[in-house]
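On a predicted model such as this, the values are computed, not experimentally measured, just so you know.
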Amino acid sequence: MNQNSIFLKAQVSLAIWYAGVMGVILSLSGFGAYQVMAHAHWQGVDQKLLAVSGNLHDALEANLQQSGQIDANVRKILPNLCITGIKCELESNRHVLGITQQEGYYIRLLDPSGQVIATVGRQLEGIPFSPKETAWQTLEDGKGNRYHQVSLLLKNNLGQSWGYMQVGRSLQDYDKHLDESKLALLTGLPIAFLLVSIASWYLSGRAMRPVYASYQQIQQFTANAAHEIRTPLASIRATVESVLMSDVVSELESRETLQTIDRQTIRLSQLVQDLLMLSRMEVQVPNQQQQSCCLNDILSDLVEEVAAIAMQSKIDLHLQVLSDSPIYITGNEEQIYRLIFNVLINAINYTLEGGKVQIFLEQSDRIAVIRIEDNGIGIAEADLPHIFDRFYRAHSDRSRKTGGTGLGLAIAMAIAKSHQGNIQVKSELDKGSIFIIRLGL
Ligand code: ADP
């Protein structure tokens with residue numbers, strides 16, 4: 001399986017998971033919203049019915065006399081009343097309670113045995129009467145229309161049972177509203193899911209990008225490291241093979257062979273050390289050897305160490321401290337030494353005979369600044385953004401000649417960063433370079 005198909009598979013599975021989880025959340029939210037809306041609507045229906053029936057109940061009870069008898073006072077309250085068995089005269093201009101006029105509402109007055117005496121509004125057929133069972137009922141007529149009603153016991157002005165009153169309404173508009181909401185949900189959810197799927201694909205692609213980039217970086221790094229290791233190994237092998245092929249080996253030849261092997265082994269172990277150091281810096285092992293380090297001392301030691309190399313190349317090496325008191329920083333002394341060494345040795349290695357390398361140390365605010373200037377071969381503008389990359393060499397020939405592994409500046413930058421610092425570079429080809437190392441105090 002090649003890397004592209006691995007990443008494609010990962011992206012597909014990420015998108016599916018994301019869309020799936022979002023789909024479930026969306027469906028649950030939609031279902032929840034529907035339930036809340038239906039409940040609120042139902043509450044509204046109940047409250048309206050309760051208000052109407054309560055008002056009517058109070059108004060009627062004060063005027064009721066003989067059980068099951070409807071007199072003029074009741075007619076005044078309910079002018080649209082239709083008495084069972086008598087032709088109904090509708091006085092549509094007079095309404096005591098406007099709600100009874102609204103389409104879908106009805107009132108029924110029943111005697112104590114449950115016989116309908118009179119009605120207002122919609123005439124219902126096939127609706128059973130069972131007031132003693134429950135005050136609230138949701139009923140369905142023969143045509144499948146649903147009704148919601150409340151039944152209340154009525155007493156006359158002497159406190160005796162008069163009969164029952166039922167106030168109800170058709171649930172047609174309620175059901176229609178719910179059906180519309182269901183339809184909106186059923187069409188909206190697939191559309192939302194489609195959009196979520198597209199977004200999931202796009203987002204998972206974005207999420208995979210840095211993973212892919214770091215995978216490529218690791219691949220590049222492995223290829224570079226293998227290449228760097230292969231070169232000294234090939235050299236050792238070629239040297240040993242040439243000696244093994246000759247019948248007689250002189251002492252001089254043996255010595256030269258061993259020297260080559262020694263040189264290449266040193267190169268290999270330097271490379272391994274650098275790689276180990278970089279990987280340790282990368283996993284950011286907490287610095288256990290934090291101590292107060294005097295930069296003045298570190299720089300003096302460094303100058304002493306590289307003085308011989310500088311002298312060999314006839315390079316003028318100078319250290320200038322621009323601060324009255326010694327500058328101390330907290331960190332790992334060995335690492336800080338290594339950081340400055342890597343930059344300083346480059347300045348010497350990439351400066352031609354007779355050149356000049358200057359080191360300046362100063363303090364600005366809470367930052368120690370080490371400036372290493374050379375008038376060497378400089379770095380081309382195109383190479384500048386890459387010189388801190390691992391194994392990057394702007395001048396490969398010179399780098400290999402001086403034993404450089406191409407990891408020096410990568411290590412220096414990693415150390416600087418782990419000490420709340422950074423390295424800045426200014427350079428001009430054939431004119432020289434300035435490396436500015438800043439470290440937090
Ligand atoms: P190397 O081991 O090759 O020196 P580094 O990581 O230390 O690797 O440096 C990366 C590259 O940056 C070098 O190969 C060199 O081309 C360039 N470089 C670094 N320092 C200087 C300098 N002072 N002058 C010119 N080029 C430099």
Expected output: side-chain Thr84 to main-chain Val116 donor-acceptor under 3.5 Å: yes
Asn375 (side chain) donor-acceptor with Thr351 (main chain) under 3.5 angstrom: no
N/O donor-acceptor pair under 3.5 Å between Trp162 side chain and Gln66 backbone: yes
Close side-chain approach of Gln264 and Thr231, heavy atoms under 4.5 Å: no
Electrostatic pair Asp274-Arg338, nearest N-O below 4.0 angstrom: yes
Flag side-chain contact, heavy atom, 4.5 Å: Phe341 against Val306: yes
Side-chain touch Leu409/Asn342, heavy atoms, less than 4.5 angstrom: no
Side chains of Ser151 and Gln166, donor plus acceptor under 3.5 Å: yes
Arg398 and Arg393, any side-chain heavy atoms less than 4.5 Å apart: no
Main-chain N/O of Ile367 paired to Asp365 side chain as donor or acceptor, under 3.5 Å: no
Atom pair CD1/CD1 of Ile345 and Ile340 - distance to nearest 0.5 Å: 13.5 Å
Any donor-acceptor N/O pair, Gln11 side chain to Trp201 backbone, under 3.5 Å: yes
Any donor-acceptor pair under 3.5 Å from His419 side chain to Asn332 backbone: yes
Test log, rule side chain to side chain contact (heavy atoms under 4.5 Å, CB included), inputs Tyr106 and Thr119: CA-CA 7 Å; Tyr106 64 85; Thr119 56; over 6 Å; no
Test item: Ser427 side-chain N/O and Gly432 main-chain N/O as donor-acceptor pair under 3.5 Å: yes
Between Asp111 and Gln115: side-chain donor-acceptor atoms closer than 3.5 Å: no
Donor-acceptor contact present, side-chain His148 to main-chain Leu139, <3.5 Å: no
Whether Ser399 side chain and His395 backbone form a donor-acceptor pair below 3.5 Å: no
Backbone N/O of Ala59 and side chain of Asn63: donor-acceptor pair under 3.5 Å: yes
Test item: Val369 and Leu322 side chains (from C-beta on) under 4.5 Å apart, heavy atoms: no
Pairwise side-chain contact, Gln220 with Phe391, heavy-atom cut-off 4.5 Å (strictly under): no
Student check: side-chain heavy atoms of Tyr392 and Asn224 closer than 4.5 Å: no
pair Val343-Ile370: side-chain heavy atoms closer than 4.5 Å: no
Other residues, nucleotides, ligands: >12 heavy atoms within 6.0 Å of Glu381 CD: no
Any donor-acceptor N or O pair under 3.5 Å, side chains Glu61, His57: yes
